[in-house]
Amino acid sequence: MAKRTEIKNLLAAPKVGEKYLVKGWVRAFRSNRFIALNDGSGANNLQIVVDTDNTAEELLKQISFHACVSIEGTLVESQGAGQAVELLAEKIEILGANNLEEYPLQPKKQTMEYLREKAHFRMRTNTFSSVFRIRHGLSYAVHKYYNDKGYYYLHSPIITGSDAEGAGEMFRVTTLDVDKPPRTEEGAVDFGQDFFGKSTNLTVSGQLQGEIAALALGKVYTFGPTFRAENSNTSRHLAEFWMIEPEVAFNDIVDNMDLAEDFVKYLINYILENYPDDLKFLDGRIQDLEKNMKKEERREMGLIDTLKFVIENDFERITYTDAINLLRSSKPYKKGKFKYEIEWGKDLQAEHERWLVEKKFKKPVIVVDYPKDIKAFYMRENEDEKTVAAMDVLFPGIGEVIGGSQREERLDKLKKRIKEMDIHEEELSWYLDLRKFGGCPHAGFGLGFERMVLFITGMSNIRDVIPFPRTPGNADF
RNA sequence: GCCUCAAUAGCUCAGUUGGUUAGAGCAACGGACUGUUAAUCCGUAGGUCCAAGGUUCGAGUCCUUGUUGAGGCGCCA
């Protein structure tokens, strides 16, 4: 009797007539009689019926929004329509009273921007608790997918001494006194005296280390925090985000695309199967939001229908060259609606990607074989000597979710590329060694974890799918 | 980094052509309520109109600069 039952478990197998002890936070207290109690175990609340006549007034007053309570009682079939069972309270204890005069949250709809400022309380809302339960489910599914397929989880370093990862601006890691750092004779900051005896940064990618592991363990993946000091002000970018990077020996670009598609579909399916209540809540939330919008601004499908559609249909696969040709014969191109030029050799702009995904194919699209001059040095050159075996997976509403490639395993080609792109070869000697000594074809990609959470939860800003977002000018909590 | 828009009560917003005492809904607080599901009903209180400067007899309203936020773009995942 004294043992607490979690609400999710109680609701999954309710025993009418049994006594239960539950603990949680008051989501609503209606009619001085009904508590909607949630303990975080799931999206659904347990309705508690309070015996108003036999409960002290002082105690009743403390049962307020987001107060923490412990309740013992008997489970009965509900007389109300909103739930099958409810708990008749026999003993109520206030574990943590709330002071509503000062509490910033209210039992009503609040904007995401406001809740973002109250990140220490926002997880108590229906929306954020669902988002973060799904985020957990997704990260578990990532490990399950790879473990079941025989991949090894590689812990790539967070602090890196390599500045040749080539994925963006880096955050410096140093213990030097920033006011008066030691100087060399030439006047430059002397990082030889820094903690690691050299200049170090936070990682922007675990890919190069992933390649080291793949050439020994065969199939590996990394899943860890990644840092980019880019001044990116969008709803799809974070300065600190989590990235999943599989790297597989003997895979070519087609195997790589197959893996990416299978992996993403697995993740979506896992959440559909294991988090139906949270998805249902988020789906309803979006429909609610869109009620007041014009028809053309609404999504064509609900959240759950969209997710099902994605896993039931093949992703469209198209070469960069074909994509350019398609775009050049598109209606918006002929009408001059695109802001940016469409020309072979230039990168596809967001407006072009959106047309391909949302208008032309209406499903995820994998674009492959990009011009080599707009891609990274390590991507494998194709036979045409103009393109590389690079791929981007584009999702509706979000854009690039995955970027990957087959890696250049031919030493001479790789060296030539490094020289052409003006990268210091000494920095990468260990990377070149992988080609010199027992190398092999291999491929991999990076999946932006938060972008996946964004797609699956239907949230619109990436800052609302990571507990404590770090963006330019913002590192609170 | 660039472009656009916004900032008024705890929250979400309205505020006419520059004009007297800045409004509403919700939340809070006080009260009522034994079947609620965004509970409902009655009442009370709540304002440095983002900041600084300027124009004007007079600025929430117009101008300049700044700050913060949102959306879009670029960079990418």
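Residue numbers start from 1 in every chain, and the chains themselves are labelled A, B, ... in the order their sequence lines are given, proteins ahead of strands.
Of the possible donor and acceptor atoms, one in the side chain of A/Asn256 sits under 3.5 Å from a partner among the backbone N and O of A/Gly444. A distance-only check finds no donor-acceptor pair linking the side chain of A/Asn251 to the backbone of A/Ala443 [under 3.5 Å]. A side-chain donor-acceptor contact under 3.5 Å links A/Glu358 to the backbone of A/Gly397.
Side-chain proximity of A/Ala350 to B/C73, B/A77, B/C29: nearest is B/C73. Checking B/G25, B/C73, B/U36 against the side-chain heavy atoms of A/Lys108 singles out B/G25 as nearest. In the set B/G74, B/A39, B/G35, B/G74 carries the atom at the smallest distance from any side-chain atom of A/Tyr340. Considering only side-chain atoms of A/Ala28, the nucleotide from B/A39, B/G10, B/G71 that sits closest is B/A39. Of the candidate nucleotides B/A77, B/G35, B/C73, B/G35 has the atom lying nearest to any side-chain atom of A/Val49.
A donor and an acceptor atom, one from each side chain of A/Thr387 and A/Asn382, are located under 3.5 Å apart. Looking at A/Gln207 and A/Tyr378, their side chains do bring a donor and an acceptor atom within 3.5 Å of each other.
Residue A/Gln83 is in base contact, counting any heavy-atom pair closer than 4.0 Å across all strands shown. A/Gly403 comes within 4.0 angstrom of sugar-phosphate atoms only, judged by non-hydrogen atoms across all strands, and of no base. Residue contacts shown for A/Ser78 include a base, since a base heavy atom lies under 4.0 Å away. Looking at heavy-atom distances under 4.0 Å, A/Tyr114 makes contact with sugar-phosphate atoms alone, never a base. Among the protein residues, A/Leu238 comes within range of the nucleic acid bases, having at least one heavy atom under 4.0 Å from a base atom. If you check every strand for non-hydrogen atoms under 4.0 Å, A/Ser235 touches sugar and phosphate atoms only. Within 4.0 Å (heavy atoms only), A/Glu86 reaches at least one base atom of the nucleic acid.
Comparing the C1' positions of B/G31 and B/C13 gives a spacing of 29 Å, expressed to the nearest Å. Nucleotides B/U68 and B/C50 are separated by 8 Å at their C1' atoms, to the nearest Å. B/C62 and B/C49: their P atoms are spaced 16 Å apart (whole Å). Spacing of C1' atoms, B/C75 relative to B/G1, comes out at 10 Å, to the nearest Å. For the P atoms, the distance linking B/A51 with B/U8 amounts to 10 Å, nearest Å. When the P atom is used for both B/A9 and B/U65, the distance is 25 Å, rounded to whole Å. B/A22 and B/G54 have their P atoms separated by 24 Å, given to the nearest Å. B/U48 sits 15 Å from B/A59 when the C1' atoms are compared, rounded to a whole Å.
Taking 3.5 Å as the limit, the base of B/C33 and the side chain of A/Arg30 contain no donor-acceptor pair of atoms between them. Under 3.5 Å, the side chain of A/Gln47 and the base of B/U36 form at least one donor-acceptor pair of N or O atoms. Side-chain to base pairing of A/Gln106 with B/G10: one donor and one acceptor N or O lie within less than 3.5 Å of each other. At a cut-off of 3.5 angstrom, counting only N and O atoms as typed in the model, there is no donor on one side facing an acceptor on the other between the side-chain of A/Glu351 and the base of B/G72. Scanning atom types as modelled, one donor and one acceptor separated by under 3.5 angstrom connect the side chain of A/Ser232 and the base of B/C75. No N or O donor and acceptor, one from the side chain of A/Glu113 and one from the base of B/U12, sit under 3.5 Å apart.
Taking the six-membered ring wherever Trp is involved, the centroid distance between the rings of A/Tyr340 and A/His352 does not fall below 6.0 Å. In this structure, A/Tyr145 has its ring center at least 6.0 angstrom away from the ring center of A/Tyr151. Two rings, from A/Phe223 and A/Tyr153, have their centers 6.0 Å or more apart. Residues A/His143 and A/Tyr221 bring their aromatic ring centres within 6.0 Å.
Side-chain nitrogen and oxygen atoms of A/Arg236 include none within less than 4.0 Å of the OP1 or OP2 phosphate oxygen of B/G71. Close to B/G74, at under 4.0 Å from its OP1 or OP2, lies no side-chain N or O of A/Asn233. Applying the 4.0 Å criterion to OP1 and OP2 of B/A39, one finds that A/Arg27 has every side-chain N and O outside that range. Within the structure, every side-chain polar atom (N or O) of A/Ser31 is placed at least 4.0 Å from both OP1 and OP2 of B/A39. Phosphate proximity of B/A70 to A/Arg116: present, with a side-chain N or O under 4.0 Å from OP1 or OP2.
For A/Phe449 and B/A77, the ring-to-base geometry does not satisfy the stacking test (centroid distance below 5.5 Å, interplanar angle below 30°).
Between atom CG of residue A/Asp255 and atom CG of residue A/Asp252 there is a gap of 4.0 Å, rounded to the nearest 0.5 Å.
Atom C1' of nucleotide B/A77 and atom CD of A/Glu353 are separated by 12 Å, given to the nearest angstrom. Rounded to an integer number of Å, the gap from CD of A/Glu101 to C1' of B/C26 is 17 Å. Distance A/Asn32 CG to B/U40 P: 15 Å, rounded to the nearest Å. When the P atom of B/A70 is taken as reference, atom CE of A/Met459 falls 13 Å away, rounded to whole Å. The CZ atom of A/Phe29 sits 15 Å away from the P atom of B/U40 (whole-angstrom rounding). Per the geometry, CG belonging to A/Leu60 stands 12 Å off C1' belonging to B/C33, to the nearest Å. As a whole-Å value, the separation of A/Glu230 CD from B/C73 C1' is 14 Å. Atom CZ in A/Phe241 sits about 15 Å away from atom P in B/C75, given to the nearest Å.
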>> One pair to check against side chain to side chain contact (heavy atoms under 4.5 Å, CB included): A/Ile35 and A/Asn45. What are the steps and the verdict?
In response: CA-CA 9 Å; A/Ile35 300 172; A/Asn45 300 328; over 6 Å; no

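Nearest-nucleotide mapping onto RNA chain B: of A/Asn461 and A/Leu348, the residue sitting toward the 5' end is A/Asn461. Of the residues near RNA chain B, A/Arg354 and A/Trp242, the one whose nearest nucleotide (by heavy atom distance) lies more toward the 5' end is A/Arg354.
When base pairs are accepted only as Watson-Crick or G-U wobble with both N-N or N-O distances under 3.5 Å, RNA chain B takes part in stems of 3 or more pairs at B:1-7 with B:67-73, B:10-13 with B:23-26, B:28-32 with B:40-44, B:50-54 with B:62-66.
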